[in-house]
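Below is one structure, written out as structure tokens; comments come after it.
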Amino acid sequence: MIKVGIVGATGYVGQQLTWLLYHHPKCEISFLTSNQYSKMNFSKIYGQYKGFINKKCIKIQEIDDYLDQTDVVFLALPHGKAFALAKKCLAKGIKVIDMGADFRLKDPEIYEKWYQVKHDGVDFISQAVYGLPEIHREEIKEADFIANPGCYCTASILALIPLLKAGVMDPSSIIIDAASGVSGSGRSANTENLFTEVHESFKAYKVASHRHTPEIEQELSAASYDKKKIKITFTPHLAPMNRGILATCYGNLENKQSIEELYELYYKEYGEEYFIRILEDLPETRWVKGSNFCDIALRIDERTNRIIVISAIDNMGKGAAGQGIQNLNILFGLKEQEGLEMLAMMP
């Protein structure tokens with residue numbers, strides 16, 4: 001059994017990791033940390049685990065007592081908090097999957113500009129592999145340190161990469177409108193996320209300033225056919241639902257293309273991918289809720305010669321914890337869908 005520790009287990013991402021690891025046939029939870037709920041039984045915080053997970057949460061400072069019995073550690077922490085812990089675990093030969101933003105960006109100056117935090121792990125940036133398996137699988141196989149992608153980033157990058165790799169879309173024309181469920185904002189108390197503030201409303205936020213923007217640009221630039229720096233317009237929205245992301249991505253086609261030709265690019269890129277489903281119908285978040293799937297569909301606006309790509313993921317699944325488990329499976333040579341074969345539940 002693979003022994004797994006979760007730092008920050010009582011946030012939404014940490015809880016989802018715990019749920020997936022409990023159901024994973026090849027994994028065993030080594031420890032769960034929560035400074036806020038230390039010494040409290042995990043099932044007291046999340047009642048669905050009563051009778052199933054009876055571990056008490058420990059403080060981060062106590063993990064040294066468990067690291068010798070741990071193979072991999074998930075860091076589910078706010079940005080700026082993963083530097084010292086990642087260094088400590090890697091020094092002990094423990095694999096690290098960072099669920100936060102601290103090692104996703106390859107340029108520390110860009111990180112500091114967007115996150116307003118000094119990057120204290122510059123020496124480790126080169127070790128961190130960007131954990132989008134469908135794009136970086138071979139690198140992940142050889143890695144000890146994974147920077148798990150952001151949720152908006154996963155939906156947007158997967159939606160656009162086939163077009164950019166083929167050079168059929170003008171990279172300077174990319175616009176992404178994406179909507180996320182409220183769980184994407186985390187579990188901490190915040191007036192803007194209260195039920196009465198969110199219910200029966202829909203809004204844009206962090207317009208022209210969302211921190212996932214440089215992450216999307218970094219990966220799209222690296223994947224594009226000419227490797228030129230890409231800049232996008234990205235606008236996130238808050239939807240009155242618990243979980244899910246729908247990303248609608250626009251770009252100008254370089255030449256006239258048929259929808260069949262463009263779909264063929266996606267079948268070529270993702271046809272063998274278990275977790276990506278290329279659809280003729282338009283994606284909906286309810287069909288991926290609770291799963292690790294990414295659904296993608298294409299349309300062409302003939303009047304403007306613009307391609308529209310729509311993708312749907314669960315922000316807690318493929319957008320966070322599910323992708324983290326997918327990365328764990330690759331790191332340890334397991335079947336990639338091990339512990340992740342659940343479909344969305346309806347209604």
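In this chain, numbering begins with 1 at the start of the sequence shown. Note that the structure is a prediction, hence the values are computed from the model and not measured. Quick note: numbers below take in every heavy atom, side chains included, and nothing from hydrogens, waters or symmetry partners.
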*Pairs in or reaching into residues 277-299: which pass ring pair (Phe, Tyr, Trp, His ring centres under 6.0 Å), with residues at least two apart or in two chains?*
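Listed once each, the pairs are Tyr274-Phe293, Phe275-Phe293.
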
Please check if atom [atom1] in [X] has more than 12 non-hydrogen atoms from other residues, nucleotides or ligands closer than 6.0 Å.
{"X": "Gln337", "atom1": "CD", "answer": "yes"}
{"X": "Asn305", "atom1": "CG", "answer": "yes"}
{"X": "Phe202", "atom1": "CZ", "answer": "yes"}
{"X": "Gln61", "atom1": "CD", "answer": "yes"}
{"X": "Met346", "atom1": "CE", "answer": "yes"}

*Apply the test salt bridge (charged side-chain N to carboxylate O under 4.0 Å, His left out) to residues Asp314 and Lys289: give CA-CA distance (whole Å), side-chain angles for both, the deciding distance (0.1 Å), then the verdict.*
CA-CA 5 Å; Asp314 185 320; Lys289 182 180 179 181; over 6 Å; no

Without swapping roles, check the side chain of [X] against the backbone of [Y] for a donor-acceptor pair under 3.5 Å.
{"X": "Tyr266", "Y": "Ile296", "answer": "no"}
{"X": "Ser221", "Y": "Lys227", "answer": "no"}
{"X": "Gln218", "Y": "Arg104", "answer": "yes"}
{"X": "Ser43", "Y": "Asn54", "answer": "no"}
{"X": "Glu217", "Y": "Lys229", "answer": "no"}
{"X": "Ser156", "Y": "Cys153", "answer": "no"}
{"X": "Tyr12", "Y": "Gly184", "answer": "no"}
{"X": "Arg299", "Y": "Ile259", "answer": "no"}

*His212 vs His210 aromatic rings, parallel, tilted or perpendicular, using cut-offs 30° and 60°?*
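Perpendicular: the ring planes of His212 and His210 meet at over 60°.
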
*Check Met169, Glu219, Lys165 against Leu160 for a side-chain contact (heavy atoms from CB on, under 4.5 Å) and give me the one that passes.*
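By the side-chain contact (heavy atoms from CB on, under 4.5 Å) criterion, Leu160 pairs with just one of Met169, Glu219, Lys165: Met169.
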
Identify each donor-acceptor pair in which a side-chain atom of residues 81-94 lies under 3.5 Å from a protein atom, sequence neighbours left out, and give them as a table.
unit_1	atom_1	unit_2	atom_2	d
Lys88	NZ	Asp64	OD1	3.1

*Please test His237 against Tyr205 for ring pair (Phe, Tyr, Trp, His ring centres under 6.0 Å), starting from the C-alpha separation and ending with a verdict.*
CA-CA 6 Å; His237 299 75; Tyr205 67 101; 7.9 Å; no

*asked:* Going by side chain to side chain donor-acceptor pair (under 3.5 Å), name the pairs with one or both residues in residues 170-183, residues two or more places apart or in two chains.
replied: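 Matches after skipping sequence neighbours: Asp170-Ser172, Ser183-Asn315.
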
*Would you mind listing every side chain to side chain donor-acceptor pair (under 3.5 Å) that reaches into residues 320-336, with sequence neighbours excluded?*
His24-Asn329, Glu134-Gln326, Arg137-Glu336, Asn148-Asn327, Thr154-Gln323, Asn292-Gln326, Lys318-Gln323, Lys318-Gln326, Gln326-Glu336

From [atom1] ([X]) to [atom2] ([Y]), nearest 0.5 Å:
{"X": "Asp295", "Y": "Leu158", "atom1": "CG", "atom2": "CG", "value": "11.5 Å"}
{"X": "Trp114", "Y": "His79", "atom1": "CH2", "atom2": "NE2", "value": "13.5 Å"}
{"X": "Lys3", "Y": "Phe31", "atom1": "NZ", "atom2": "CZ", "value": "12.5 Å"}
{"X": "Tyr49", "Y": "Asn41", "atom1": "OH", "atom2": "CG", "value": "12.5 Å"}
{"X": "Cys249", "Y": "Ile176", "atom1": "SG", "atom2": "CD1", "value": "4.5 Å"}
{"X": "Asp102", "Y": "His119", "atom1": "CG", "atom2": "NE2", "value": "6.0 Å"}

*Which other residues belong to the hydrophobic cluster containing Ile310, where Ile, Leu, Val, Met, Phe, Trp and Tyr are joined when side-chain heavy atoms lie under 4.5 Å apart, directly or via other members?*
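Traced through the cluster, Ile310 reaches Ile175, Leu246, Tyr250, Leu282, Ile308.
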
*Taking NZ, NE, NH1 and NH2 as the nitrogens, is one of them in Lys59 or Glu62 under 4.0 Å from a carboxylate oxygen of the other?*
no

*Go through the steps for Gln48 and Gln15 under the test side chain to side chain donor-acceptor pair (under 3.5 Å), then give the verdict.*
CA-CA 11 Å; Gln48 71 267 42; Gln15 184 280 142; 3.1 Å; yes

_Non-neighbouring partners of Glu338 that pass salt bridge (Lys or Arg N to Asp or Glu O under 4.0 Å), sequence neighbours left out_ = Lys26

*asked:* Quick check: Phe124 with Phe103 (ring centres under 6.0 Å apart)?
replied: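 No - the distance between ring centres of Phe103 and Phe124 does not fall below the 6.0 Å cut-off.
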
